[in-house]
Peer 1: 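Sending over a structure as C-alpha cells; questions will come in a sec.
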Amino acid sequence: MILRLTILPGDGIGPEVTEQAVLVLQAVADGFGHQLQLQRKLIGGAALTVANDPLPADTVQACLASSAVLLGAVGSPAFDHNPGHLRPEAGLLRIRRELGAYANLRPAVFFPALEDCSPLRAEIVRGTDIMIVRELLGGAYFGEPRAIEGAPGSRVAVNTMRYSESEIERIARVAFELAMKRRRKVLSVDKANVLECSRLWREVVTRVGKDYPEVKLGHQYVDSAAMLLVQRPTDFDVLLTENMFGDILSDQAGGVVGSLGLLASASVGGPVGLYEPVHGSAPDIAGKGIANPLGAILSVAMLLRHSFQLEAEAVCVEKAVSTVLSQGARTADLAGKTHVAISTAEMGRRVVEAVKAVGSGQAEKSA
Ligand code: NAD
Ligand code: IPM
Ligand code: MN
C-alpha cells in the first residue's frame with residue numbers, strides 16, 4: 001500500500017517526537033511492504049514565524065490531498081500575547097475544522113511495566129483501559145460570539161458554548177460504536193445541573209443510546225467524573241464528553257497512567273484523519289532531547305488502524321512500545337528514581353528495533 005501522509009512537526013518538542021514517530025512508521029512500512037510518501041508542512045508558531053499565519057493555505061491543501069496527517073504539537077511562549085487568530089493554537093483548531101475531524105479518540109491505557117510511574121497505587125490503576133471520546137469541533141472552542149470588548153479597566157470577555165443536536169448525535173454514535181467493540185459501557189460526562197448545552201447533550205445521548213441496548217449508558221457530572229477518574233479508573237470503558245471537558249479529562253488520564261507523554265490521539269470523522277499526541281509543545285523541556293516520543297509513536301499506531309485499516313501494523317507498533325517499556329526503557333518523565341533516563345532518540349531507536357523484531361517474528365511464522 002502507498003501511505004501518503006502530511007507531517008506537521010509544529011513547535012517545541014513537536015518536531016522531536018514526530019521525528020521518532022516517522023522513523024517507527026518507516027520501520028513498519030519496510031517490514032510490511034508499504035511505501036511511504038511524506039511531505040512536511042508548517043503549522044503553529046513555526047508557520048507564524050515564516051508566513052505570519054499559523055495555518056498557511058499550502059499546509060491545508062497538502063493535508064486535504066493526503067490520506068492522513070501526523071502532527072507533533074503547537075504552541076510557544078513567544079506568541080502567547082498575540083491576538084487569538086495569530087496564536088499557534090488557532091492553527092491547530094483550524095486544521096481540525098478544515099479536516100472535519102469532529103471525533104477525537106484519546107485512549108488511556110495502563111502499561112503493566114509502568115506500575116511505579118503512576119501516582120496512584122498499583123492496585124487502583126492496574127487494568128485501566130479508557131477510551132475518551134471527545135467532541136472536537138463544537139462547544140466553547142468554536143462558539144460565536146467570542147470577544148474581549150470595552151475600554152481597559154472595564155473590559156468584558158465573552159465566549160459562547162454552543163451545541164446542536166446533530167453535533168451531539170454524531171459524536172454519541174462514535175462512542176456507542178466503539179463501546180460495542182470494547183466492554184460495552186459508555187459514561188457520558190456533562191454539567192447538566194448547570195448548563196443548557198449539557199442538558200441537551202444528556203437528552204440526545206440518552207436517545208442515541210436506545211439504538212444500542214447492549215451498551216450500558218451512564219451519566220456523570222464532570223466534577224464527579226474527575227474525582228472518579230483517580231479513585232476508580234478501571235471502572236471506565238468509553239468516556240464520552242464535549243470539547244473542553246474532554247481536553248481537561250484527557251490530560252488527567254495521562255497523569256493516571258503515568259505520564260501525559262504516553263497518550264496518543266486520533267481526530268477522525270472527516271475525509272482525512274489527523275493523528276497527534278495529547279500533550280503540547282512542552283516549552284520547559286523543548287530542545288533538550290528528553291521528551292517522551294511514545295505518545296507520538298502510539299499516534300502512528302492509531303493512524304495505521306483508523307486511516308488505513310492496517311490492524312496488524314498498528315498492533316505491531318503497540319507491541320513494540322509495550323516491549324521496550326517492559327525491558328525498562330524510560331524517558332525522563334517515566335524514569336523516577338529507579339531508572340536511568342534515556343533520550344527521545346534512544347527511545348525511538350529501541351521502538352524501531354522492537355518493530356523489526358516483531359516484524360521478523362511474523363515473517364518466520366508465515367514461512
Ligand atoms: P504540555 O502538554 O506542553 O506540557 C505539560 C507538562 O507535561 C510539561 O511539564 C511538559 O514538560 C510535560 N510533557 C508534555 N509532553 C511531554 C512529553 N512528551 N515527554 C515528557 N514530558 C512531557 O502543556 P502546557 O505546558 O500547558 O502547554 C505548552 C504549550 O503547548 C502551550 O502553548 C499550549 O497551548 C500547547 N499545547 C498544544 C497541544 C497540541 O498541539 N496538541 C496540546 C496541549 C498544549
Ligand atoms: C489539546 C490541546 C488543544 C485543545 C489546544 C492547544 C488548542 O490542549 O489538543 O488537547 O485544547 O484542544
Ligand atoms: Mn489539551
Side-chain angles (χ1 to χ4, degrees), residues 1-10 13-40 67-73 107 109 111-114 258-259 261-266 275-279 285 288-308 310-335 339-366:
M1 197 184 267
I2 295 177
L3 311 180
R4 285 189 64 182
L5 305 180
T6 298
I7 311 292
L8 306 176
I13 63 169
E16 301 172 33
V17 298
T18 309
E19 188 186 340
Q20 299 310 314
V22 169
L23 290 172
V24 171
L25 186 59
Q26 188 65 61
V28 173
D30 293 346
F32 286 82
H34 303 300
Q35 195 191 326
L36 284 188
Q37 285 182 3
L38 306 181
Q39 53 177 343
R40 288 177 171 73
S67 304
V69 179
L70 181 67
L71 185 141
V109 180
F111 288 95
L114 298 184
S259 173
L262 293 167
L263 294 203
S265 89
Y275 301 85
E276 50 169 316
V278 170
H279 64 74
I285 58 166
K288 297 185 177 162
I290 60 170
N292 185 346
L294 294 180
I297 290 170
L298 290 166
S299 298
V300 162
M302 297 192 84
L303 177 152
L304 292 164
R305 173 174 293 126
H306 292 278
S307 280
F308 298 102
L310 294 174
E311 181 63 23
E313 286 83 341
V315 170
C316 170
V317 173
E318 288 162 352
K319 274 197 185 144
V321 167
S322 184
T323 300
V324 303
L325 289 174
S326 50
Q327 289 166 348
R330 306 282 180 92
T331 39
D333 54 318
L334 300 170
H339 288 71
V340 177
I342 61 174
S343 68
T344 309
E346 176 60 13
M347 181 64 99
R349 196 191 63 76
R350 292 199 195 184
V351 177
V352 165
E353 289 309 314
V355 162
K356 287 184 183 160
V358 175
S360 61
Q362 275 186 339
E364 274 159 34
K365 252 188 259 164
S366 60

Peer 1: In chain order, what residues pass the side-chain hydrogen bond (donor to acceptor under 3.5 Å, both in side chains) check against Ser343, with sequence neighbours excluded?
Peer 2: none
Peer 1: Not counting sequence neighbours, which residues clear side-chain hydrogen bond (donor to acceptor under 3.5 Å, both in side chains) with Glu313? List them please.
Peer 2: His34
Peer 1: Using the side-chain contact (heavy atoms from CB on, under 4.5 Å) criterion, which residues pair with Glu318? Sequence neighbours excluded.
Peer 2: Leu298, Ala301, Arg305, Val315
Peer 1: If you apply the rule side-chain contact (heavy atoms from CB on, under 4.5 Å), what do you find for Tyr275 with His306, and how did you get there?
Peer 2: CA-CA 10 Å; Tyr275 301 85; His306 292 278; 3.3 Å; yes
Peer 1: Partners of Ala320 by side-chain contact (heavy atoms from CB on, under 4.5 Å), sequence neighbours excluded?
Peer 2: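 Listed in chain order: Val351, Ala354, Val355.
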Peer 1: With sequence neighbours excluded, what pairs up with Thr6 under the side-chain hydrogen bond (donor to acceptor under 3.5 Å, both in side chains) test?
Peer 2: Ser66
Peer 1: Do you know which two heavy atoms are closest between Met347 and Ala329, and how far apart they sit?
Peer 2: CE-O, 3.5 Å
Peer 1: Tell me, which pairs form a side chain to side chain donor-acceptor pair (under 3.5 Å) where one or both residues lie in residues 13-27, sequence neighbours left out?
Peer 2: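 Of all non-adjacent pairs touching residues 13-27, those that pass side chain to side chain donor-acceptor pair (under 3.5 Å) are Gln26-Asp30.
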Peer 1: Please report the closest heavy-atom contact between Gly261 and Asp333, naming both atoms and the distance.
Peer 2: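 Minimum heavy-atom contact is CA-OD2, 4.3 Å.
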Peer 1: Report the C-alpha separation of Asn292 and His279 in whole Å, then their side-chain angles, then the decisive distance to 0.1 Å, and conclude whether the side-chain contact (heavy atoms from CB on, under 4.5 Å) test is met.
Peer 2: CA-CA 10 Å; Asn292 185 346; His279 64 74; over 6 Å; no
Peer 1: Among all residues two or more places apart in sequence or in another chain, which pass the side-chain contact (heavy atoms from CB on, under 4.5 Å) test with Ala21?
Peer 2: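 Scan of Ala21 (side-chain contact (heavy atoms from CB on, under 4.5 Å), adjacent residues dropped) gives Leu70, Ala296, Ile297, Val300.
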Peer 1: To the nearest 0.5 Å, tell me how far Leu334 CG sits from Leu114 CG.
Peer 2: 5.5 Å
Peer 1: Grab the two heavy atoms, one from Phe308 and one from Ile2, that are nearest each other, plus how far apart they are.
Peer 2: CE2-O, 4.5 Å
Peer 1: Does Thr344 use its side chain to pair, donor to acceptor, with the backbone of Ala291 at less than 3.5 Å?
Peer 2: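 Indeed, once roles are kept as given, a pair shorter than 3.5 Å links the two residues.
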Peer 1: Could you go through Leu310 and Val28, starting from their C-alpha distance and side-chain angles, then the distance that decides it, and tell me whether this counts as side-chain contact (heavy atoms from CB on, under 4.5 Å)?
Peer 2: CA-CA 11 Å; Leu310 294 174; Val28 173; over 6 Å; no
Peer 1: Ser265 and Val278: which non-hydrogen atoms are nearest, and at how many Å?
Peer 2: CB-CG2, 4.0 Å
Peer 1: Roughly how far, to the nearest 0.5 Å, is the CG atom of Leu5 from the CD atom of Gln39?
Peer 2: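 Going from CD on Gln39 over to CG on Leu5, the span is 9.5 Å.
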Peer 1: Between Pro15 and Gly10, what is the shortest heavy-atom contact and its length?
Peer 2: CG-O, 3.6 Å
Peer 1: Can you list everything that forms a side-chain hydrogen bond (donor to acceptor under 3.5 Å, both in side chains) with Ser67? Sequence neighbours excluded, please.
Peer 2: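 With neighbours one apart ignored, the set is empty.
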Peer 1: Quick check against the 3.5 Å criterion: does Ser326 have a side-chain atom that pairs as donor or acceptor with the backbone of Thr323?
Peer 2: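 Yes, because the side chain of Ser326 sits within donor-acceptor range (under 3.5 Å) of the backbone of Thr323.
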Peer 1: My understanding is that only residues two or more places apart in sequence, or in another chain, count here; which of them pass side-chain contact (heavy atoms from CB on, under 4.5 Å) with Arg349?
Peer 2: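 Checked Arg349 against side-chain contact (heavy atoms from CB on, under 4.5 Å); matches are Glu346, Glu353.
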Peer 1: Using 0.5 Å steps for rounding, measure from the CG atom of Leu294 to the CG atom of Leu263.
Peer 2: 11.0 Å
Peer 1: Taking all atoms of both residues into account, what is the closest heavy-atom pair of Ser299 and Pro277, and its distance?
Peer 2: OG-N, 3.4 Å
Peer 1: Nearest 0.5 Å please: distance from the OG1 atom of Thr331 over to the CG atom of Leu262.
Peer 2: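 Thr331 OG1 to Leu262 CG: 7.5 Å, rounded to 0.5 Å.
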